[in-house]
Amino acid sequence: MSSSAELSKIIKSAIIKAQKDGELPQVDLPEIIIEKPKIDKFGSLSSNIPMILGKTMNCNPMDIAVIILKKIEKNQIIDKWDIAKPGFINVHLSTFQRGKILVDIIKLKDKYGTNSLGQKTKILIEFVSVNPTGPVHVGHARGAVLGSVIANILKFSDFNVSKEYYVNDAGNQIDLFIESIVENIKKILDIDYKIPDDGYKGKYIEEIAQDLIKKISKNNLKDVASAYEKIKKLALEITLDSIKNDLEMLGIKYDNWFSENSLISEGTLKVCLDILDKKDLLYEKDGAQWFKSSQFQTDDDVVLYKSNDEGHTYFSTDIAYHYNKFFIRKYERIINIFGADHHSHVFRIKSALEAFEIDQNKMDTLLTQIVRFKSNNKSERFSKRSGNIYTIRDLLDVVGVDAIRFNFLHRTPESQQEFDIDLAIKESSENPVYYIQYAYARLSSIINSVKFDYSKANLNLLKSTFETNLIETLDLFPEVVVRSAITLQTHLITKYSLDLAKELQIFYENCRVLSEDTELSKARVNLVISSKIVLKNVLNLLGINTPERM
RNA sequence: GCGCCUGUAGCUCAGUUGGAUAGAGUGCAGCCCUGCGAAGGCUGAAGUCGUGAGUUCGAAUCUCGCCAGGCGCGCCA
């Protein structure tokens, strides 16, 4: 258990004791948040709980702080307690506790920082899920990186996580895509063709057409209509492979690729419609079938089956998809990561969940704000249909994968991001990720030159502020993981990685690890080894490489 | 027009139930290697926290108005 978790418990029991003894009023206690003060002189850790209680208890925070301090039981963790205006409790960790932190880290190794928050909860995280109608562009990379790291954080927090890509292999966008390819094939084969006005354009469409001509013999292609199913199957395979490949280059791997079509062929959609029908939530109007979502969370009802027999809407299969997640595969929680342009869709899905009587809290939706593409001072949206694509692959050609990942992870998803390619290239070399990796390589370098036995070290020798600050930063890691698992925020981890790297550099500048003082050297090697473990765990969570050398 | 999101240092962004002197990276002006990696450390300049009001002992944080930008408001996905 981290010091802040211990401290939180200690303070809580002190408050409860004071309440029992009648020295503090009986009120419900909020979560006791422990944080590291920004300024060193305020100690290792602090809590503002007296100020929070001051409000609910209607007392002076400073008086409350004094009472809490009196009730705190003796322990080995804290060396010194302070009270500061206007009502902070500040603590200084004991040398014993700092030593224990290092021992714990070395013992736990790659398990250090894990927690049991999830308790094996079965959770599905779905992200990217772009139509298999072309390459993945930079606009999707954000959700991709975010999703994979949130999955890592949740795994680290004892959730049973599956990462899924929902393949939209049904519906009219796919038909349009295939039609665009078919017409391009005809064009290449010099058959009468007509490329649809609203069809997919761009060089990659022509390339897929060329590729298919190679894969399917020319004889079969003469009658394009009869080869349609084969073309569709192969075209989907080609685009999906390319998507898979691009995402892997970004360091992202999925557990499942879920087919939209299977919801229709396996009858899930029909089951859903029957349930909604039985609840009297469906009706016919203008030749279409509607769902009464306005009874739940939307302003207007939504169409499930289009008029003129044009088939199901995307929304109807998405209802079935969510039904499948909860009732067939029995996920206990799901997380969806969508682009902000899907905002209104979220309320439709929630309406459907409500109709199925699923607890709303079991679904979290993260909306990443649209990444806009900017170059030569022109700002525009990515669009596949217009052929205006800047792909992940294009980006990886000019910016390293670690820099890209850090760039997306280091900001809150709701921040709007204008992706200026010129700026991205310029900043690539000065990306903070290299600072962190540099610190890591330095640690490795020191450890490699250690030639003595450091197992029995006197950790009490680590008492300069450079050393204590570093140890106390290592100690914060488990809490950072918990916090980011609860809030699903990745930037807490990147922020921590920077803080840790900074502490490491300062330690390095001021404390020579390998010196004539063999006892001190032994202790410091233990500190270096602990630091390397923690930094490695942090970077692994972020999916960022840990180079031994740079 | 309605709904959601955003506005903090020149630039890119943090800022945890409202609390200690509003922070980081980068850029700018300087200083520091014949010592485990200078892709580094240190010092400094740089902010009306979009704006106006309100609530509070206390507001970047909460409430309302206004300004600016983004995204939605399809029988597209």
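Chain letters run A, B, ... following the sequence lines, proteins first and then strands; every chain starts at 1.
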| task | With side chain to side chain contact (heavy atoms under 4.5 Å, CB included) as the test, would you mind laying out the steps for A:Phe315 and A:Leu304 before giving the verdict? | result | CA-CA 7 Å; A:Phe315 173 63; A:Leu304 295 179; 3.5 Å; yes
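The same atom, P, is picked in B:rG54 and in B:rC11; the two are 31 Å apart, to the nearest Å. For the C1' atoms, the distance linking B:rU51 with B:rC67 amounts to 7 Å, nearest Å. The gap from the C1' atom of B:rU55 to that of B:rC64 amounts to 11 Å, rounded to the nearest Å. The separation of B:rU16 from B:rC73, taken at their C1' atoms, amounts to 34 Å, rounded to a whole angstrom. A distance of about 10 Å separates the P atoms of B:rA60 and B:rA22, rounded to the whole Å. Here, B:rA20 and B:rC13 have their P atoms 25 Å apart, quoted to the whole Å. With both ends at atom P, the span from B:rG58 to B:rU12 equals 35 Å, rounded to whole Å. For the P atoms, the distance from B:rA14 to B:rA9 is 12 Å, rounded to whole Å.
Contact annotation: A:Lys306 side-chain N/O to B:rC76 OP1/OP2 distance is under 4.0 Å. Within the structure, every side-chain polar atom (N or O) of A:His345 is placed at least 4.0 Å from both OP1 and OP2 of B:rC76.
No donor-acceptor distance shorter than 3.5 angstrom exists from the side chain of A:Asp402 to the backbone of A:Tyr434, with no hydrogens or angles considered.
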| request: State the dot-bracket string of RNA chain B. Criteria: Watson-Crick or G-U wobble, both atom distances under 3.5 angstrom; notation: ( ) intrastrand, [ ] crossing earlier pairs, | interstrand, . unpaired. | output: (((((((..((((.....[...)))).(((((.......))))).....(((((..]....))))))))))))....
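Ring orientation note: the planes of A:Phe177 and A:Tyr200 are nearly perpendicular, at an angle over 60° on the 30°/60° scale. Aromatic ring pairs are classed by plane angle as parallel below 30°, tilted from 30° to 60° and perpendicular above 60°; the pair A:Tyr305 and A:His312 is perpendicular.
If you check B:rA14, B:rA77, B:rU17 against the side chain of A:Arg411, the one that comes closest is B:rA14. Taking the side chain of A:Lys41 as heavy atoms from C-beta on, and the options B:rU21, B:rC75, B:rG25, the nearest nucleotide is B:rU21. Counting only heavy atoms from C-beta on, A:Asp341 has its side chain closest to B:rG72 among B:rG15, B:rG72, B:rC13.
Remark: of the listed residues A:Asp300, A:Asp299, A:Asp301, A:Asp301 is the sole one forming a side-chain hydrogen bond (donor to acceptor under 3.5 Å, both in side chains) with A:Ser294. The only option from A:Lys325, A:His342, A:Glu164 that meets the side-chain hydrogen bond (donor to acceptor under 3.5 Å, both in side chains) definition with A:Asn336 turns out to be A:Lys325.
Near RNA chain B, meaning a heavy atom under 4.0 Å from it, residues 520-531 of chain A has no residue at all. Contacts of residues 476-484 of chain A with RNA chain B (heavy atom under 4.0 Å): A:Arg483.
A salt bridge links A:Glu519 with A:Lys522; the closest basic N to acidic carboxylate O contact falls under 4.0 Å. Electrostatic pairing of A:Arg442 and A:Glu548 does not count as a salt bridge here, judged by no charged N lying under 4.0 Å from a carboxylate O.
In this entry the distance linking CG of A:Asn431 with C1' of B:rG25 reads 10 Å, nearest Å. Rounded to whole angstrom, the span from the CG atom of A:Leu409 across to the P atom of B:rA24 amounts to 22 Å. Between the C1' atom of B:rU21 and the CZ atom of A:Phe88 lies a distance of 12 Å, rounded to the nearest Å. A:Glu430 places its CD atom 14 Å from the C1' atom of B:rC13, with the value rounded to the nearest Å. The interatomic distance linking A:Glu35 (CD) with B:rG18 (P) rounds to 12 Å, in whole Å. A:Asn48 has its CG atom 8 Å from the C1' atom of B:rU17, to the nearest Å. Atom CD1 of A:Ile49 and atom C1' of B:rU17 are 9 Å apart (whole Å).
Each of A:His312 and A:Met51 lies near RNA chain B, and the nucleotide nearest A:Met51 is the one positioned closer to the 5' end. In terms of position along RNA chain B, the nucleotide closest to A:Lys36 lies nearer the 5' end than the nucleotide closest to the other residue of the pair A:Lys36 and A:Lys85.
Not a single donor-acceptor contact under 3.5 angstrom links the side-chain atoms of A:Thr412 to the base of B:rA14. A donor and an acceptor atom sit less than 3.5 Å apart, one in the side chain of A:Lys55 and one in the base of B:rG58.
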| query | Reading nucleotides 1-10 of chain B 5' to 3', which nucleotides get B (base under 4.0 Å from a protein heavy atom), which S (sugar-phosphate only), which -? | reply | ---SBS----
| What string of B, S and - do you get for nucleotides 35-42 of chain B, 5' to 3', if B is base contact, S is sugar-phosphate-only contact and - is no contact with any protein heavy atom under 4.0 Å? | BBBSBBSS
Would you give me the side-chain donor-acceptor pairs under 3.5 Å for residues 343-352 of chain A, sequence neighbours excluded?
| from | atom 1 | to | atom 2 | distance (Å) |
| --- | --- | --- | --- | --- |
| A:His345 | NE2 | A:Asp318 | OD2 | 2.6 |
| A:Ser351 | OG | A:Gln297 | N | 3.2 |
| A:Ser351 | OG | A:Phe347 | O | 2.7 |

